[in-house]
Visitor: 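Quick one: the structure is below, and I'll ask about it shortly.
Just so you know, these numbers use all the heavy atoms, side chains as well, and skip hydrogens, waters and symmetry mates. Note on naming: letters A, B, ... go to the chains in the order of the sequence lines (proteins, then strands), and numbering restarts at 1 for each one.
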2 protein chains.
Amino acid sequence: MVDGLDDFDRSILDIVQRDCQMKAEAIGHTVGLSASAVQRRLKRMREQGIIKAEIAVVDRRVTGNPMTFITGMEIERDNYDALAKFRAWVDRQDHIQQVYYVTGAVDIIAIVTAHDVGQYDELMAQLMSQNPQIRRMHTNVVLKDLKLGMMVPVQS
Amino acid sequence: MVDGLDDFDRSILDIVQRDCQMKAEAIGHTVGLSASAVQRRLKRMREQGIIKAEIAVVDRRVTGNPMTFITGMEIERDNYDALAKFRAWVDRQDHIQQVYYVTGAVDIIAIVTAHDVGQYDELMAQLMSQNPQIRRMHTNVVLKDLKLGMMVPVQS
DNA sequence: AATGAAAGTATAGCTGT
DNA sequence: ACAGCTATACTTTCATT
């Protein structure tokens, strides 16, 4: 059980989703609480897993992996744990940022970073050879990021 | 000018992309530098925009927007600034997390969160009416997140 | 030029009321 | 929520490589 957020919690989450280094005092000033109250709430939400992680967002251009690809895949649905196996595999792949199991023309959509198309091709060849449950894939090359983030609206 | 990262910088980025609250002393111990050196490098990388943001990742289930949709769109390419206008518009839409301009069968791929399919439908109706340059769209409903993150590998 | 160590400053987080 | 306390994180300085 994780629910029971009040409006203060929601306002705090709205802020730290944009900047998790903001000081408790500044947050408190914005939402109308004391610094200690904000600290208590942040601690509680971290412990409850409501705040799952606090991460730095790095400019892709300086990482040596400036390209992004969005890959749709069809998965063999016959054996049920194909998904679980694939999940465990992608967890270990640093180049694979996000993976979604979806309805529609494809079963899985992944967001992949790579140095260039050659490296992407290699990564996908590895993926196919190490995951026979993936049957087919097609790729969209990202020409430009128009918006990037993990922000979810929390205001009621 | 933003380049010129050495192996220490790369190691630090590798860490803070997973946990940006880790203390400089702990980072230093891991990468083989003193706390002061780590703090100086972090400050520099923040100022240079190499670290673009530091954000909290919130559990979608507690936000009241538990559903995710991946939407492909076709855009009117005739007028060149259609993209720029759309970019400005999506920036103001909290429910739209990520937007990519891509090659392939669709021109744009967006990742959208919503409370339920009804709200998603409303959001997309608004999108179509306020952005006539978007001509057609098709939706994949996310059944399960297999991996979520913004992590980019930085190790040379 | 950048490091590491130490000193100094500031601030965060915790406690009790 | 506030005040007081403790701990510690960041900054600055400076000698060193």
Visitor: Should the heavy atoms of other residues, nucleotides or ligands under 6.0 Å from CZ of Arg136(B) be counted, would the total exceed 12?
Guide: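 It does not: Arg136(B) CZ has 12 such atoms or fewer within range.
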
Visitor: Between Lys23(A) and dA12(C), does any side-chain N or O lie under 4.0 Å from OP1 or OP2?
Guide: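 Result: yes.
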
Visitor: Taking donor-acceptor contacts at under 3.5 Å, does the side chain of Arg40(B) reach the base of dG4(C)?
Guide: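 In this structure, the two groups form a donor-acceptor pair.
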
Visitor: Rounded to the nearest angstrom, tell me the gap between atom NE2 in His29(B) and atom C1' in dA5(C).
Guide: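 The answer, rounded to whole Å, is 16 Å.
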
Visitor: Please test Gln21(A) against Arg46(B) for side chain to side chain contact (heavy atoms under 4.5 Å, CB included), starting from the C-alpha separation and ending with a verdict.
Guide: CA-CA 12 Å; Gln21(A) 304 286 22; Arg46(B) 288 185 185 118; 3.8 Å; yes

Visitor: Nearest whole Å is fine: how far is dA9(D) C1' from Met22(B) CE?
Guide: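 The distance from CE of Met22(B) to C1' of dA9(D) comes to 15 Å, rounded to the nearest Å.
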
Visitor: Whole angstroms only, please: what is the CD1-C1' distance between Ile27(B) and dG4(C)?
Guide: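 Checked: the CD1 to C1' distance equals 17 Å.
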
Visitor: Would you kindly give the CZ-to-C1' distance between Arg44(B) and dT11(D), to the nearest whole Å?
Guide: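 Answer to the nearest Å: 17 Å.
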
Visitor: Just to confirm, is there a sub-4.0 Å distance from OP1 or OP2 of dT3(C) to any side-chain nitrogen or oxygen of Arg41(B)?
Guide: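 Yes.
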
Visitor: Between the side chains of Thr139(A) and Tyr120(A), does any donor sit under 3.5 Å from an acceptor?
Guide: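 Result is yes, a qualifying pair exists.
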
Visitor: Are Asp59(B) and Lys52(A) close enough for a salt bridge, meaning some N to O gap below 4.0 Å?
Guide: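 Answer for the salt bridge query: no.
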
Visitor: To the nearest angstrom, how far is Glu25(B) atom CD from dA12(C) atom C1'?
Guide: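 So the CD-C1' distance, Glu25(B) to dA12(C), works out to 16 Å.
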
Visitor: So which nucleotide from dA1(D), dC14(C), dA9(D) ends up closest to the side chain of Lys43(A)?
Guide: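 Among dA1(D), dC14(C), dA9(D), the one nearest the side chain of Lys43(A) is dC14(C).
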
Visitor: Measure from CG on Leu33(A) to C1' on dG13(C) and round the result to the nearest Å.
Guide: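 One finds 16 Å between C1' of dG13(C) and CG of Leu33(A), rounded.
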
Visitor: What's the closest nucleotide to the Gln39(A) side chain, out of dA12(C), dT12(D), dA1(D)?
Guide: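 Ranking dA12(C), dT12(D), dA1(D) by closest atom to the Gln39(A) side chain puts dA12(C) first.
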
Visitor: Between Arg41(A) and Asp6(A), does any side-chain N to carboxylate O distance fall below 4.0 Å?
Guide: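 Answer for the salt bridge query: yes.
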
Visitor: Within the 4.0 Å heavy-atom criterion, would you say Ala35(B) contacts the bases, only the backbone, or no part of the nucleic acid?
Guide: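 Result for Ala35(B) = nothing.
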
Visitor: Output the rounded distance in Å from CD (Glu54(A)) to C1' (dA12(C)).
Guide: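 In whole Å, dA12(C) C1' lies 14 Å from Glu54(A) CD.
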
Visitor: Starting from P on dT11(D), measure out to CD on Glu47(B) and report it in whole angstrom.
Guide: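 One finds 9 Å between P of dT11(D) and CD of Glu47(B), rounded.
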
